[in-house]
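Encoded as structure tokens, the structure appears first; notes follow it.
For reference, positions follow the sequence shown, starting with 1. When reading the values below, keep in mind they use all heavy atoms of this one structure, side chains included, and skip hydrogens, waters and symmetry mates.
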Amino acid sequence: MKAIIQDRYGSPDVLRLAEIDPPVPRADEVLVRVAAASVNASDWHSMRGDPYVGRLLAPEHTLFHGPRQPVRGRDFAGDVARVGAEVTDLAVGDEVYGDLGAAEGGFAEYVRAPARLVARKPANLTFEQSAAMPLAACTALVGVRDHGRVGPGTRLLVNGASGGVGTFAVQIGKLLGATVTAVCRTRNVEMVRALGADEVIDYTRADFTAGHPRYDVVLDLVGNRTLGDMRWALTPDGTLVLGGFGVSRGGSVLGPMSLLVRAQIAARFVAHRIVLLQAPGGRAVLDTLRDWAEEGLIRPVVDRTYPLKDVPEAIRYLETEHARAKVVITF
């Protein structure tokens with residue numbers, strides 16, 4: 001099968017299209033024929049081994065020789081080609097979507113995935129739209145609903161509202177009854193407003209940390225402001241949810257992890273509730289997202305699509321901060 005692989009850390013130039021053997025599913029896994037995949041910040045972090053400390057902490061990485069899994073990509077959508085002996089709730093031919101997590105391997109014609117990480121895709125969405133959802137929408141759902149505890153009347157600010165996670169966070173915040181303020185750049189203001197944001201702040205013209213109002217929850221998906229700045233935007237008992245991965249700056253030792261470490265320390269001493277965004281995926285979350293999509297309550301926004309052979313260009317586009325919403329790979 002065709003797949004995008006890498007054999008060392010580096011820029012998108014280390015990625016190449018190659019023929020490799022298709023994976024064989026284990027008893028609790030399914031083999032999916034991929035129709036579409038999507039690009040996430042985690043792809044360029046794995047590709048570059050950035051931040052460097054992540055190579056030491058993540059078992060799926062080596063220090064110098066590249067990721068142990070040579071195939072990048074997490075999100076996928078396609079149809080089930082084979083099921084393991086222990087899988088009873090999915091069948092050959094089912095149209096599904098999912099997130100492979102740290103195992104990766106999505107930029108390939110076939111992926112094997114634990115059945116618990118796979119769900120039937122939204123019936124009203126294309127494979128391309130469905131592939132745009134798993135990691136981004138799951139992260140938004142967990143960040144807004146579970147970590148942020150957003151509900152009716154909550155004043156929610158989303159920093160990075162025009163990105164893959166941000167576009168879902170705006171919609172989910174509104175769905176849960178919040179008053180949503182979205183922060184983005186000028187060219188994305190109308191797009192974010194169309195997703196339901198009550199107010200949109202163009203960060204090139206205004207600073208969301210200056211003055212009033214204060215917000216009950218700040219969901220930071222960028223990592224471009226200090227901890228003090230973001231706490232200043234909160235009410236006295238507000239919640240800060242940190243999930244920003246930043247953009248590629250050519251390599252770093254700690255990268256966004258330095259902010260996360262400082263946040264963990266500060267959380268012990270301040271009145272604000274500070275939470276690091278962790279988004280466990282899985283069937284239950286994917287089922288919730290599918291139901292909402294089928295009811296027309298949320299929708300993916302796709303910026304660009306690229307064929308499999310152009311994954312390097314897709315990642316280059318994403319990692320330099322030019323992308324908005326989701327970038328999708330077609331097969």
Side-chain angles (χ1 to χ4, degrees), residues 41 129 132-133 135-225 229-245 272-279 285 288-289 291-293 295-303 321 323-326:
Q129 291 172 313
M133 291 185 61
L135 178 57
C138 173
T139 302
L141 174 58
V142 172
V144 172
R145 183 192 66 184
D146 301 339
H147 293 337
R149 302 173 185 172
V150 167
T154 302
R155 289 169 294 176
L156 167 67
L157 179 133
V158 180
N159 184 30
S162 61
V165 178
T167 51
F168 285 110
V170 169
Q171 296 176 78
I172 291 171
K174 290 300 298 178
L175 176 60
L176 297 179
T179 299
V180 179
T181 297
V183 181
C184 63
R185 66 172 63 188
T186 308
R187 72 176 183 134
N188 298 324
V189 167
E190 292 307 316
M191 177 192 72
V192 172
R193 185 174 286 121
L195 294 175
D198 297 284
E199 179 186 11
V200 183
I201 297 176
D202 177 353
Y203 67 76
T204 68
R205 300 180 179 180
D207 182 355
F208 73 85
T209 69
H212 293 279
R214 294 286 184 255
Y215 304 95
D216 302 304
V217 179
V218 170
L219 174 62
D220 176 52
L221 302 170
V222 186
N224 64 343
R225 304 301 298 264
D229 283 346
M230 289 182 287
R231 288 184 55 224
W232 186 255
L234 288 168
T235 57
D237 59 349
T239 296
L240 172 62
V241 182
L242 294 172
F245 285 100
H272 290 135
R273 182 169 163 266
I274 303 176
V275 186
L276 307 188
L277 179 48
Q278 298 176 341
V285 178
T288 296
L289 295 170
D291 293 345
W292 285 350
E295 293 172 28
L297 300 175
I298 62 171
R299 63 181 177 88
V301 179
V302 176
D303 180 5
E321 204 178 11
R324 58 179 176 176
K326 290 295 294 183

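At least one side-chain heavy atom of D198 sits less than 4.5 Å from a side-chain heavy atom of K174. L221 is listed as a side-chain neighbour of L277, based on a closest heavy-atom distance under 4.5 Å. Counting heavy atoms from C-beta outward, L141 and W292 have side chains that approach closer than 4.5 Å. Considering only heavy atoms from C-beta on, T179 stays 4.5 Å or farther from T181 through its side chain. Considering only heavy atoms from C-beta on, R225 comes within 4.5 Å of D207 through its side chain.
The minimum heavy-atom distance between T239 and H147, with the atom names listed, is CG2-O, 4.0 Å. Contact between L156 and A178 at its shortest, heavy atoms only, is CB-CB, 4.2 Å. The two residues T186 and R205 come nearest to each other via the heavy atoms CG2-NH2, 4.2 Å. Residues N159 and V222 share a closest heavy-atom pair of O-CG2, 3.4 Å. Counting all heavy atoms, side chain and backbone alike, L289 lies closest to C138 at CD1-N, 3.7 Å. Of all the heavy atoms in V170 and A182, the pair that sits closest is CG2-CB, 4.2 Å.
Summarising the geometry, atom CG belonging to D291 is positioned 9.5 Å from atom CD1 belonging to I298; distances are rounded to the nearest 0.5 Å. The CG atom of L195 sits 4.5 Å away from atom CD of Q171, with the distance rounded to the nearest 0.5 Å. Summarising the geometry, atom SG belonging to C184 is positioned 9.5 Å from atom CZ belonging to R324; distances are rounded to the nearest 0.5 Å. Note that the CE atom of M230 and the OH atom of Y215 stand 14.5 Å from one another [nearest 0.5 Å]. Considering CG of L157 and CG of D216, their distance stands at 11.0 Å, rounded to 0.5 Å. Atom-to-atom distance recorded for L240:CG and R231:CZ is 9.0 Å, nearest 0.5 angstrom.
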Worked check of side-chain contact (heavy atoms from CB on, under 4.5 Å) between T167 and K326
CA-CA 9 Å; T167 51; K326 290 295 294 183; 5.6 Å; no
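Judged by distance alone, with hydrogens and angles left aside, the side-chain atoms of R214 form a donor-acceptor pair with the main-chain N or O of W232 at under 3.5 Å.
Here R193 pairs with E190 under the side-chain hydrogen bond (donor to acceptor under 3.5 Å, both in side chains) rule; sequence neighbours left out. Looking at residues two or more places apart in sequence or on another chain, you find no side-chain hydrogen bond (donor to acceptor under 3.5 Å, both in side chains) involving T288. Every residue two or more places apart in sequence or in another chain was checked for a salt bridge (Lys or Arg N to Asp or Glu O under 4.0 Å) with R299, and none qualifies.
Within a 6.0 Å radius of CD in E295, more than 12 heavy atoms belonging to other residues, nucleotides or ligands are found.
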